[in-house]
Amino acid sequence: GESRPGRMALARFLVSPENPLTARVTVNRHWQAFFGRGIVPTLDDFGLQGTPPAHPELLDWLAVAFLEDLDWSLKRLHRLVVTSATYRQSSSASPRSFAADPANVLLARGPRVRLEAEQIRDGVLRAAGLLSAKMGGPGVRPPQPAGVTEVVYGGGAWEPSAGEDRHRRSIYTFQKRTAPFAMVTTFDGPTGESCLPRRDVSNSALQALTLLNDPMFLEAARALGAGLAASGGDDPARLRELGLRLLSRPFAADEERALLGYLAVQRERLAAGALDAAALAGDGAGDAAERAAWMLLSRAVMNLDETVVKR
């Protein structure tokens, strides 16, 4: 113990075995990140006004394991959770079981939750081969629709970063409290005026329009399309690659038929001049029409529910 109160005394108290709250709150927040619902749903309130834990023994065990066995390692905690039989269950549920437990409090199925905004952006950039692995440094400005920062107090044009900085991980995105990054706001990210332990999750048409038309996602679709058009193999082989990149699985037979049919229609429209291949595909080597066709297909798959929902 410390002879008098101070920051070091507080730090030691927070991680002391005599203070169980820190470990319990930490494992509960990370459980919520993986399952979409905390063992204690009120992440910011473990007091008398908070919701009691759905599985108190599980919360106790995780907290003790995190403190003693895992030595406060978040990476080891994440591995423990994601390799568990509970997490690795299918998210499918019969209508009867879903009606009986819609919030999956009983953990009888795997999690099915929409990814957070930053995860969606970084995942799509990674699938397109654009995501930068560069670490550290000042904030960067990814592309976003014009006018977002100009209409607020202290505005000024948002000049997108060039080169590798354009596709840095979302943690490096420059934050402006009066004008948050548009895509993050659309996907329920909070503003900088408050610190929230849990985000609300919505499902809106604006989210679909963002995945279809936001400059950042159009760039990702162009990169995906160009890579698929330049790869060897026939259309089914390229489609399999697209499924693995965006959904981590190949498409089923009926899905493959539908998507190849969509691809054929886009090729016909491009050949007839109904679509501008150069405008869609952007600059690059190879046949612009073929790049544009695969860009349109990539854009459609990026908009699937399964692309942005963990299931």
Side-chain angles (χ1 to χ4, degrees), residues 90-92 112-115 117 119-131 142-145 167 182-183 186-187 202-311:
S90 169
S91 62
S92 299
R112 179 185 171 89
V113 292
R114 211 225 38 231
L115 300 176
Q119 294 171 325
I120 293 171
R121 175 182 176 270
D122 290 2
V124 169
L125 289 178
R126 178 68 178 82
L130 295 175
L131 186 66
Q144 67 173 334
H167 303 125
M183 177 265 170
T186 300
F187 283 92
S202 67
N203 187 3
S204 70
L206 185 56
Q207 293 168 0
L209 290 172
T210 297
L211 290 170
L212 282 172
N213 301 319
D214 187 286
M216 178 173 58
F217 289 106
L218 286 177
E219 281 190 9
R222 287 189 181 106
L224 260 173
L228 293 168
S231 65
D234 55 11
D235 287 348
R238 294 172 177 174
L239 190 62
R240 175 184 173 85
E241 176 67 17
L242 179 60
L244 291 175
R245 286 192 176 209
L246 285 174
L247 308 183
S248 299
R249 67 171 180 86
F251 293 105
D254 57 339
E255 295 171 327
E256 182 178 311
R257 284 192 297 271
L259 291 171
L260 290 177
Y262 177 83
L263 179 65
V265 170
Q266 304 317 307
R267 283 173 171 158
E268 291 173 1
R269 298 176 70 198
L270 288 160
L275 297 174
D276 187 339
L280 287 169
D283 296 333
D287 182 11
E290 191 66 3
R291 286 188 288 116
W294 282 100
M295 174 266 185
L296 291 168
L297 182 60
S298 299
R299 183 168 167 254
V301 176
M302 282 166 48
N303 214 287
L304 293 178
D305 174 80
E306 192 176 343
T307 303
V308 299
V309 175
K310 178 170 61 176
R311 50 191 292 178

Quick check: closest heavy atoms across [X] and [Y], and the distance to 0.1 Å?
X	Y	value
Leu280	Arg222	O-NE, 2.8 Å
Leu259	Val301	CD2-CG2, 4.2 Å
Phe251	Glu256	CB-N, 4.2 Å
Ala182	Gln144	N-OE1, 2.9 Å
Leu218	Asn213	CD1-O, 3.5 Å
Asp122	Leu131	O-CD2, 3.9 Å

Set of side-chain contact (heavy atoms from CB on, under 4.5 Å) partners for Ser231, sequence neighbours left out: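 If we apply the side-chain contact (heavy atoms from CB on, under 4.5 Å) test to Ser231, skipping adjacent residues, the hits are Arg238.
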
Holding to side-chain contact (heavy atoms from CB on, under 4.5 Å), I want the full list of residues that pass it with Thr186, two or more places apart in sequence or in another chain.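 By the side-chain contact (heavy atoms from CB on, under 4.5 Å) rule, Thr186 matches Leu206, Gln207, Thr210.
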
Donor-acceptor side-chain pairing of Ser202 and Ser204 below 3.5 angstrom: no

Around atom CZ of Arg267, are there more than 12 heavy atoms of other residues, nucleotides or ligands at under 6.0 Å?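 Result for CZ/Arg267: enclosed.
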
Looking at Asp305 and Arg311, does any basic side-chain N land under 4.0 Å from a carboxylate oxygen?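 Arg311 and Asp305: salt-bridged.
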
With a 4.0 Å cut-off on N to O distance, would you call Arg249 and Glu255 a salt bridge? yes

Which residues pass the side chain to side chain donor-acceptor pair (under 3.5 Å) test with Arg269, not counting sequence neighbours? Gln266

Could you check whether any side-chain N or O of Ser298 sits under 3.5 Å from a backbone N or O of Trp294, counting only pairs where one atom can act as donor and the other as acceptor?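 Answer holds: yes.
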
